[in-house]
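Following: one structure in structure tokens, then a few remarks.
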Amino acid sequence: MTRYTPSEIEARWQAVWERDGIFRAVRSADKPKYYVLEMFPYPSGRIHMGHVRNYTMGDVISRYKLAQGFNVLHPMGWDAFGLAAENAAMQKGIHPGVWTYQNIEDMKTQMKPLGFSLDWSREIATCHPEYYRHQQAMFIDMIDAGLIYRKNAVVNWDPVDMTVLANEQVEQGRGWRSGALVERRELTQWFFKISDYSEELLSALDGLENWPAKVRLMQENWIGKSRGLQFAFSTVDAPEGHDRIEVYTTRPDTLLGASFVGISPDHPLAKVLERDDEAVAAFVTECRKGGTTEEAIETGEKLGFDTGIRVRHPFDTAQELPVYIANFILMDYGTGAVFGCPAHDVRDFEFATKYDLPIIATFLPSEDSDENLSEAFVPAKTEKVFYIRGFAGESWQTGNEAIDAAIAFCESNGVGQGVTKYRLRDWGLSRQRYWGCPIPVVHCDECGVVPEKKENLPVKLPEDVSFDIPGNPLDRHMEWRTTPCPACGKQALRETDTMDTFVDSSWYYARFTAPRADTPTVMEDAEYWMNVDQYIGGVEHAILHLLYARFFARAMQITGHLPKSAIEPFDALFTQGMVTHAIYRSTDTGGRPVFHYPEEVETKGDKAFLEDSGAEVEIIPSAKMSKSKNNVVDPLNIISSFGADTARWFVLSDSPPERDVEWTASGAEAAHKHLSRVWNISDRITAMDDAAGTGDDDLLRAMHKTIHDVTMGIESFGFNAAIAKLYGFTATLQKSTAGKTIQREAIKTLAQLMSPMTPHLAEDIWATQGGEGLIATAPWPQADDAMLVDDTVTLPIQVNGKRRAEIEVPAEMNKDEIEKLALAHEAVIRILDGNAPKKVIVVPGRIVNVVV
RNA sequence: GCGGGCGUGAUGGAAUGGUAGACAUACCAGACUUAAAAUCUGUUGGGCCCUGUGCCCGUGUGGGUUCGAGUCCCACCGCCCGCACCA
């Protein structure tokens with residue numbers, strides 16, 4: 001009897017895999033390729049259970065595909081630029097580069113014991129000049145291709161991180177990392193022309209069948225396509241140059257319900273008025289402030305200022321509408337001006353009520369409805385309504401029909417035109433930070449903004465910087481900044497902004513296909529390895545990273561860095577859930593909450609007690625692992641006490657992969673127990689003598705069913721269900737009295753089926769039982785269809801849909817005979833009580849239903 | 001507000017429209033043990049008559065489609081997520 005000692009076998013097999021280089025990906029024309037990628041980590045220095053879960057899922061796929069004979073690419077790298085490194089530099093006085101590279105080393109040593117099937121020879125770090133020099137080269141190519149431009153823009157300024165944020169990085173008026181209230185600043189910034197690809201990025205979503213519908217929908221909403229009418233009101237008493245106000249509306253069918261025109265505080269007309277009128281200036285200033293105060297965001301009070309200017313209604317020039325400056329109108333959507341139709345818009349209704357403007361219904365739910373509305377009437381656009389002030393189409397029609405008719409009518413009468421708009425803005429990429437990829441341009445007094453020459457790349461970050469003063473140290477580094485102009489050779493200054501770190505992660509998947517190449521990519525490699533067949537990561541990247549990466553693949557195709565076939569870089573996407581843990585809380589004498597680490601707590605049933613004092617603590621169920629709540633479980637502790645295979649098995653076993661899984665000590669122990677049990681079975685089989693046993697056929701049938709079920713489970717990301725089947729088969733094998741040869745075949749197959757999840761244990765059993773070569777490269781077992789069908793099947797008999805009896809029949813028995821048998825069953829006869837059945841439904845192999 | 005998802009035992013969760021609760025946890029009982037741990041075995045949705053190889057109810061609530069619904073359709077309730085003054 002030997003003992004399962006994961007620490008010993010795991011290290012041993014990892015060494016063998018590394019020695020044989022079996023996970024090294026080499027291009028090969030005669031093998032189908034499979035590219036599996038997990039979202040690469042930020043090198044914080046510590047791996048956590050979320051990493052373990054994410055990379056274990058990828059590893060299951062990778063090992064499974066390898067066993068199926070695919071040429072698998074499964075690389076790993078580091079999303080290594082970012083603010084945390086600078087914060088560490090400020091707090092601890094360590095250079096961001098030193099901190100980052102040390103963290104990478106630390107995390108690698110923590111990841112290696114998990115035994116992932118990674119090709120470490122392709123490792124990349126985005127902060128390495130060998131990575132970012134290619135990013136700089138592509139940046140220059142993209143400027144040439146017109147995909148990047150510079151403009152003066154009002155930007156989101158994070159006053160804590162002292163940098164600009166993209167619109168996507170502002171959440172409810174706050175910086176996504178710092179949580180600080182974002183201010184508005186006007187700066188000259190670099191932008192990717194992602195908005196030019198709005199339609200393309202939207203319509204291509206349809207082709208991403210193997211993406212979660214949820215993610216596609218989130219992107220669709222984010223791109224925010226709308227169809228509407230753009231037209232101009234002519235003004236009365238307006239300042240010069242403003243004899244027209246362009247507006248955009250998605251509800252042109254409500255044009256006859258217009259009662260005011262609203263313009264943004266940032267509208268050009270508002271800016272003109274602001275200059276000459278103190279009251280306007282005061283109001284506009286208030287609005288700008290108001291946009292970012294917490295109170296304004298919460299209450300959302302609609303404020304307006306009557307400019308005194310009037311506009312003429314396009315259909316009836318005698319009708320004049322007032323022009324308000326309103327705080328809720330955004331300059332960067334549509335034209336920065338709207339017409340208000342209070343009857344059919346909740347916000348306009350609120351505004352009209354406040355400023356005593358008319359509320360004019362254009363349509364009603366029925367012909368006899370009251371025209372005087374007490375609240376805005378906003379039915380779904382697919383609902384038929386009755387138009388009392390329609391001007392195009394039928395009286396009874398849906399909103400959509402009316403909108404189409406209204407646009408057609410307006411176009412043919414010279415009132416504006418139908419326009420499609422998108423919510424998606426261009427992606428501002430400039431960041432006023434040190435630890436990022438330098439933007440490779442030079443500012444020359446003579447030549448203006450000039451891209452650096454490609455032969456001068458990389459523009460490397462200077463090493464000698466200090467972080468004792470807030471702001472970007474590059475600004476202060478005159479020696480680094482001063483450089484000859486690439487165009488005229490005169491002394492000029494480098495750009496000190498660096499790129500948003502989302503740029504780094506927008507193309508790393510492509511770099512992995514040729515990680516050491518002198519060019520950003522190599523066409524043959526990209527053509528062979530792209531696309532990523534399976535991408536796995538957190539749903540938190542559903543919009544930002546995945547949208548940027550999709551855009552970047554297109555931009556790289558245009559600039560000749562990716563083949564056309566790779567413009568949608570991720571064929572299949574899987575978004576996995578988090579690892580959660582209960583929180584253990586007590587209160588101190590001052591009534592403040594105290595959070596206890598799981599290892600300080602002993603659980604008994606549904607109660608938990610502190611190990612040292614025995615005091616009971618409150619259990620708060622399942623929350624995301626968080627340092628502030630002390631509900632973290634360190635993977636390293638789990639590996640040292642149970643082994644990597646246990647950690648891997650457990651994170652897959654308890655919940656479907658797309659959902660959160662709660663880490664529990666008992667669950668981890670159960671996983672470990674199970675692996676020991678498998679080990680012991682293998683041990684027992686080894687010690688068996690060769691005498692014939694009983695039930696060989698039953699064991700083989702169970703084995704083939706398990707092969708079938710587990711294979712299906714892995715294919716469909718049903719890892720938890722696959723594991724349940726493996727538990728079942730283990731129990732069967734444990735009790736089996738079959739002969740040694742058959743049991744040996746069964747344990748070897750079990751090891752193979754487990755090998756994607758618990759590769760070390762599987763490898764060891766394989767070797768012990770005389771498996772050929774490594775289990776990692778052994779061909780995946782095939783289920784024999786003939787073995788999946790039993791000779792006899794148990795059919796439940798229902799009467800009126802309720803189960804009443806069971807019969808055991810030969811599998812190939814025909815319907816008529818089954819029906820006869822079922823009707824002859826005593827329970828059925830008793831229930832029928834002499835009555836003839838109305839109908840008997842026989843589903844062969846499934847069920848019999850007798851209808852009375 | 002708009003969009004989407006999900007509601008199944010004490011718990012995590014199984015279930016191509018076909019025996020609801022697989023598998024695991026927890027609990028309880030038993031074997032082994034001086035004892036404990038470990039290991040192994042067994043029970044566990046609720047109720048009724050406990051006589052069964054018995055009957056009734058049961059997948060958030062109410063309705064519908066179907067021979068048959070956790071699964072499909074409609075309405076409602078609850079929870080979760082995304083977006084949000086988007087014209």
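None of these values were measured; they are calculated from a predicted model. We name chains A, B, ... by the order of the sequence lines, and we start the count at 1 in each one.
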> Could a donor-acceptor pair under 3.5 angstrom be found where the side chain of K302(A) meets the base of C85(B)?
Replying inline: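 Side chain to base: pair found, below 3.5 Å.
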> P atom, A10(B) versus C6(B): distance in rounded Å?
Replying inline: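 Their P atoms lie roughly 23 Å apart.
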> Just one of L255(A), D348(A), V311(A) clears the side chain to side chain contact (heavy atoms under 4.5 Å, CB included) bar with F339(A), so which one?
Replying inline: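 Only one of L255(A), D348(A), V311(A) forms a side chain to side chain contact (heavy atoms under 4.5 Å, CB included) with F339(A), namely L255(A).
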>> Return the pairing partner of A24(B) with a 3.5 Å limit on both distances, Watson-Crick or G-U wobble; otherwise return none.
In response: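 Looking at the geometry, A24(B) pairs with U11(B).
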> Where do R677(A) and Q734(A) land on the side-chain contact (heavy atoms from CB on, under 4.5 Å) test, with the steps shown first?
Replying inline: CA-CA 9 Å; R677(A) 200 175 300 139; Q734(A) 184 159 35; 3.4 Å; yes
> Is it true that a side-chain atom of N327(A) and a backbone atom of L303(A) form a donor plus acceptor pair closer than 3.5 Å?
Replying inline: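 Confirmed, N327(A) side chain pairs with L303(A) backbone.
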>> Using only atom types and a distance under 3.5 Å, with no angle test, would you say the side chain of R648(A) pairs donor to acceptor with the backbone of T56(A)?
In response: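 No, R648(A) side chain to T56(A) backbone: no donor-acceptor pair under 3.5 Å.
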Under 4.0 Å between a side-chain N or O of [X] and OP1 or OP2 of [N]?
{"X": "K214(A)", "N": "G4(B)", "answer": "no"}
{"X": "K802(A)", "N": "C57(B)", "answer": "yes"}
{"X": "R423(A)", "N": "C83(B)", "answer": "no"}
{"X": "Y333(A)", "N": "A87(B)", "answer": "yes"}
{"X": "R251(A)", "N": "A87(B)", "answer": "no"}
{"X": "N720(A)", "N": "A14(B)", "answer": "yes"}
{"X": "R804(A)", "N": "C55(B)", "answer": "yes"}

Over all strands shown, is [X] touching base, sugar-phosphate only, or nothing at heavy-atom distances under 4.0 angstrom?
{"X": "N849(A)", "answer": "base"}
{"X": "I329(A)", "answer": "base"}
{"X": "V346(A)", "answer": "nothing"}
{"X": "S653(A)", "answer": "nothing"}

> Among the nucleotides C85(B), C67(B), U25(B), which one has an atom lying closest to any side-chain atom of F328(A)?
Replying inline: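 The listed nucleotide nearest to F328(A)'s side chain is C85(B).
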>> As a test of reading the structure: which of C67(B), A87(B), G3(B) is closest to the side chain of V338(A), going by heavy atoms?
In response: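 Taking heavy atoms from C-beta onward, the closest nucleotide is A87(B).
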> Taking the inter-plane angle between the rings of Y355(A) and F351(A) on a 0 to 90° scale, is it parallel (under 30°), tilted (30 to 60°) or perpendicular (over 60°)?
Replying inline: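 Rings of Y355(A) and F351(A): tilted, as their planes differ by 30° to 60°.
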>> Need to verify one output field. Residue with the more 5' nearest nucleotide on RNA chain B, V661(A) or I841(A)?
In response: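 Checking each residue's closest nucleotide, the 5'-ward one belongs to V661(A).
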